[in-house]
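Before any comments, here is the structure.
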Amino acid sequence: MFVSLLAGLSMFTVRGASNDQLEVYSWWTGPGEEEGLAAMAKSFEGANPGVRFVNAAVSGGAGSNAKAILASRLLANDPPDSYQRHAGLELLDDVRSGKVQDLSDMYREQDWAKVFPKGLVNNLTIDGKIYAVPVNIHRANLIWYSPKALKELGLAGPPKTWAEFLQQADVIKAKGKTPLAVGPEWTQKHLMETVLLGELGADKYERLWSGGISWLSPDVTSALDVYTKVLATSDVKSAAGDWQPQLDKVFSGSAVYAVMGDWSSSYLEQSKKLAYKSDYDVVASPGTDGVYDFLSDSFTLPTGARRPDLARKWLIECGSTAGQNLFNPLKGSIPARTDADAALYHGYLEWALQQWRDPKMRIVGSLTHGVVANNAYNAEIDSALGLFVQHGDQGKFARTVEQQFRETQ
Ligand code: GAL
């Protein structure tokens, strides 16, 4: 009797422990994406003995698959305990439909107003309440290349403008290589965003997202003309795979440039074992020197999370110095906190941190990664861009997105 009682107790303890889990949802799978998350998961489990970190990541860069699956889970009131969202207007729907909880109390307890940049916190605040915890800062407007390949092609350096890129593209094509590698649809949108930024400049780029200039204006029309030409130099017709295969084409030598965010640095250095400056190099995408097109990965506390107590602990880790120091060097991003240890960031990331902290740097928000457009508008841009890339009707694209801007605000 005594023995069976003990057995019953231990069974109870074991069952209790296995239920003790935190489900975290993101799109960080595969090389260059998963390492930082895995390090934080391990640290979380270490700090919370008996709690299992359930990594519910869904593959697909930029959340291309994860966001749709998350939407159906939220609709069915089956949220994970915490999920990834970008800072910016991407959060708006979740807040308006009551899917995420206000974290202002956590910000007060942790004194986070002092350590996160004001502009970033503004991008996490809706109607005076703060809804997510930022773990990093990424930069979108970058062009990646192999310095050796440029030398072999007789190119003095990466292009400073898109006009220069188009001149280089002729030289590159004549030598039988693809000037620009692209990947799936979201990478084509990422490219469009950087061409718009490079051609319009930061002021007009921002005004485009607030409705201050029209998609049908002469400036935007000529920026889209450039995008059309740039895309024509790429391998868009045969583009497949995600952003890693896109970069692979550059470093295997079939293509020369790729425009991509700085998660690339983690992939190139840690997975491909390439060295910054000698094997790979990167500069601001053409026309955007002095501008930081930013995005920030952040985590939320969903309404109806099964373990809000554990989710809060997770969010505190995401926002902590220790968590950010662990995550960012592996993820290929810089810390969202202003007080994190700069000595941990080497190679590309050292440069990124200097750029981000440069008081003269102009900071703008990413379209593709959730900052400047709400989800409905972003989805309309996706559909219209898919058709534009397929059929090349630039005028139709501009008219559609101009109209959709007004319909989705
Ligand atoms: C972004 C995300 C980055 C990186 C990238 C590629 O949207 O913010 O952390 O994961 O997608 O998947």
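Both counts, for ligands and for their atoms, begin at 1 and track the order of listing.
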So do L155 and I172 actually touch side chain to side chain, heavy atoms under 4.5 Å? yes

Protein neighbours of ligand 1 with a heavy atom under 4.0 Å, given by chain and number, are W27, W28, E33, G61, A62, H86, H138, W243, W263, L295, D297, K331, H369

Restricting to side-chain contact (heavy atoms from CB on, under 4.5 Å), what partner residues turn up for D279, sequence neighbours left out? K148, L274, A275

Among all residues two or more places apart in sequence or in another chain, which pass the salt bridge (charged side-chain N to carboxylate O under 4.0 Å, His left out) test with D339? R337

Would you give me the side-chain donor-acceptor pairs under 3.5 Å for residues 380-389, sequence neighbours excluded?
from: D382; atom 1: OD1; to: K189; atom 2: NZ; distance (Å): 2.8
from: S383; atom 1: OG; to: A379; atom 2: O; distance (Å): 3.1

Is a side-chain N or O of W209 found less than 3.5 angstrom from the main chain of Y205, in a donor-acceptor match? yes

Would the distance check show the side chain of D262 and the main-chain N or O of S333 forming a donor-acceptor pair, the cut-off being under 3.5 Å? no

